[in-house]
A.B. asks: 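The following block contains the structure, expressed as structure tokens.
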Amino acid sequence: MQAFIQLLFTAFAQAIIGFLYVIAVLIAYTSVKAHSGFEEKWLGIARDSIKNRVMEAMLLGMLAGLAVSLLIVGMGIVLDAATLMIFWPLTLLFMLIYKRHMCFAYAASITGLFSLVFEWPGTDVSAIIA
């Protein structure tokens with residue numbers, strides 16, 4: 001059990017200094033700042049500081065990611081790296097088209113459709129949908 005906890009803290013420490021984590025913090029900051037501006041405009045005062053809201057959002061995001069990761073591992077779902085290298089850019093492409101289109105279901109369905117019809121990239125469709 002101690003080895004698992006040490007591995008967990010090591011993974012979080014490596015994630016925090018990663019480039020994608022910095023990008024995630026910046027995205028969370030801009031979103032929280034916009035919501036805080038709307039709240040201040042409507043109520044006249046912000047109920048909580050932007051720093052506290054960003055920290056709460058990042059902590060809850062990490063906990064949700066950990067819970068989902070444990071659920072996926074517990075269910076035995078396996079996604080290969082080739083699938084993820086197609087899946088994530090497709091999701092980000094949808095986000096560039098329109099912010100609300102950043103939906104993993106859209107990317108999963110298109111990746112699964114390409115895999116079934118054209119047999120490319122040759123992925124397990126049930127794993128993608130799960």
Side-chain angles (χ1 to χ4, degrees):
M1 184 66 176
Q2 183 181 2
F4 175 74
I5 293 173
Q6 184 179 6
L7 178 67
L8 184 67
F9 281 117
T10 303
F12 278 135
Q14 289 176 352
I16 287 173
I17 61 172
F19 175 72
L20 292 176
Y21 184 79
V22 172
I23 296 298
V25 169
L26 290 175
I27 291 171
Y29 174 77
T30 56
S31 177
V32 166
K33 186 174 179 183
H35 288 178
S36 181
F38 288 135
E39 182 180 10
E40 192 170 342
K41 183 178 178 181
W42 280 88
L43 299 177
I45 188 169
R47 291 184 284 177
D48 202 4
S49 70
I50 294 174
K51 177 185 171 187
N52 288 343
R53 288 183 183 190
V54 170
M55 297 292 274
E56 180 183 0
M58 297 308 292
L59 178 66
L60 291 176
M62 282 188 215
L63 291 176
L66 177 65
V68 169
S69 296
L70 291 175
L71 182 66
I72 287 174
V73 169
M75 291 176 61
I77 298 171
V78 178
L79 288 174
D80 57 338
T83 302
L84 293 177
M85 289 301 166
I86 294 170
F87 186 73
W88 279 101
L90 190 58
T91 303
L92 295 175
L93 178 69
F94 286 139
M95 183 190 71
L96 290 175
I97 294 170
Y98 188 64
K99 184 174 150 181
R100 293 185 185 212
H101 288 160
M102 184 181 167
C103 180
F104 296 119
Y106 295 156
S109 62
I110 289 177
T111 305
L113 184 67
F114 267 83
S115 181
L116 290 174
V117 173
F118 301 113
E119 296 180 0
W120 180 83
T123 59
D124 184 15
V125 178
S126 60
I128 294 173
I129 298 301

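Basis for what follows: all heavy atoms, side chains included, without hydrogens, waters or symmetry-related copies.
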A.B. asks: To the nearest 0.5 Å, how far apart are CG in Asn52 and CD in Glu56?
C.D. replies: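 One gets 8.5 Å once the value is rounded to the nearest 0.5 Å.
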A.B. asks: Out of curiosity, does Met62 fall in the hydrophobic cluster containing Leu70 (side-chain heavy atoms, cut-off under 4.5 Å, transitive links)?
C.D. replies: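 Linked within one cluster.
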A.B. asks: If only atom types and distance count, is the side chain of Ser109 paired as donor or acceptor with the main-chain N or O of Ala105 below 3.5 Å?
C.D. replies: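 Yes.
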A.B. asks: If I take atom OG1 from residue Thr30 and atom NE2 from residue His35, how far apart are they, to the nearest 0.5 angstrom?
C.D. replies: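 Going from the OG1 atom of Thr30 to the NE2 atom of His35 covers 9.5 Å.
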A.B. asks: Looking at every heavy atom in both Val54 and Tyr29, which two are closest together, and how far apart are they?
C.D. replies: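 That would be CG2-CA, 3.8 Å.
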A.B. asks: How many angstroms lie between atom CD of Glu40 and atom NZ of Lys33, to the nearest 0.5 angstrom?
C.D. replies: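 Separation between the atoms: 11.0 Å.
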A.B. asks: Could you report the tightest heavy-atom contact between Thr91 and Ala107, atom names first, then the distance?
C.D. replies: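 Nearest pair, atom of Thr91 first, then Ala107: OG1-CB, 3.2 Å.
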A.B. asks: Is Tyr106 linked to Leu90 within one hydrophobic cluster, defined over Ile, Leu, Val, Met, Phe, Trp and Tyr using a side-chain heavy-atom separation of less than 4.5 Å?
C.D. replies: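 Same cluster: Tyr106 reaches Leu90 through Ile, Leu, Val, Met, Phe, Trp or Tyr contacts under 4.5 Å.
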A.B. asks: Is the ring pair Phe104/Trp88 parallel, tilted or perpendicular, if the boundaries are 30 and 60 degrees?
C.D. replies: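 Perpendicular: the ring planes of Phe104 and Trp88 meet at over 60°.
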A.B. asks: Output the distance between atom CG (Leu71) and atom CG (Leu66), rounded to the nearest 0.5 Å.
C.D. replies: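 Leu71 CG to Leu66 CG: 11.0 Å, rounded to 0.5 Å.
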A.B. asks: Nearest 0.5 Å please: distance from the NZ atom of Lys51 over to the OG atom of Ser36.
C.D. replies: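 These two atoms lie 15.0 Å from each other.
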A.B. asks: Following the transitive rule for hydrophobic clusters with a side-chain heavy-atom cut-off under 4.5 Å over Ile, Leu, Val, Met, Phe, Trp and Tyr, establish whether Ile27 and Leu60 coincide in one cluster.
C.D. replies: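 No: no chain of side-chain contacts under 4.5 Å links Ile27 to Leu60.
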A.B. asks: Taking atom CZ of Phe87 and atom CG of Leu92, what is their separation to the nearest 0.5 Å?
C.D. replies: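 Phe87 atom CZ to Leu92 atom CG measures 10.5 Å (nearest 0.5 Å).
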A.B. asks: Is Leu113 linked to Ile97 within one hydrophobic cluster, defined over Ile, Leu, Val, Met, Phe, Trp and Tyr using a side-chain heavy-atom separation of less than 4.5 Å?
C.D. replies: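 Per the 4.5 Å side-chain linkage, Leu113 and Ile97 are co-clustered.
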A.B. asks: Could you see if Met75 belongs to whatever hydrophobic cluster contains Ile72? Use Ile, Leu, Val, Met, Phe, Trp, Tyr and a side-chain cutoff under 4.5 Å.
C.D. replies: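 Result: yes, single cluster for both.
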A.B. asks: Report the C-alpha distance between Ile110 and Phe94 in whole Å, list the side-chain angles of each, state the deciding distance to 0.1 Å, and finish with yes or no for side-chain contact (heavy atoms from CB on, under 4.5 Å).
C.D. replies: CA-CA 11 Å; Ile110 289 177; Phe94 286 139; 3.2 Å; yes
A.B. asks: So, Ser69 side chain and Gly65 main chain: donor-acceptor pair closer than 3.5 Å or not?
C.D. replies: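 Yes, Ser69 side chain to Gly65 backbone: donor-acceptor pair under 3.5 Å.
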A.B. asks: Looking only at heavy atoms, which two atoms of Met58 and Ala28 are closest? And how far apart?
C.D. replies: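 Closest approach of Met58 to Ala28, heavy atoms only: SD-CB, 3.9 Å.
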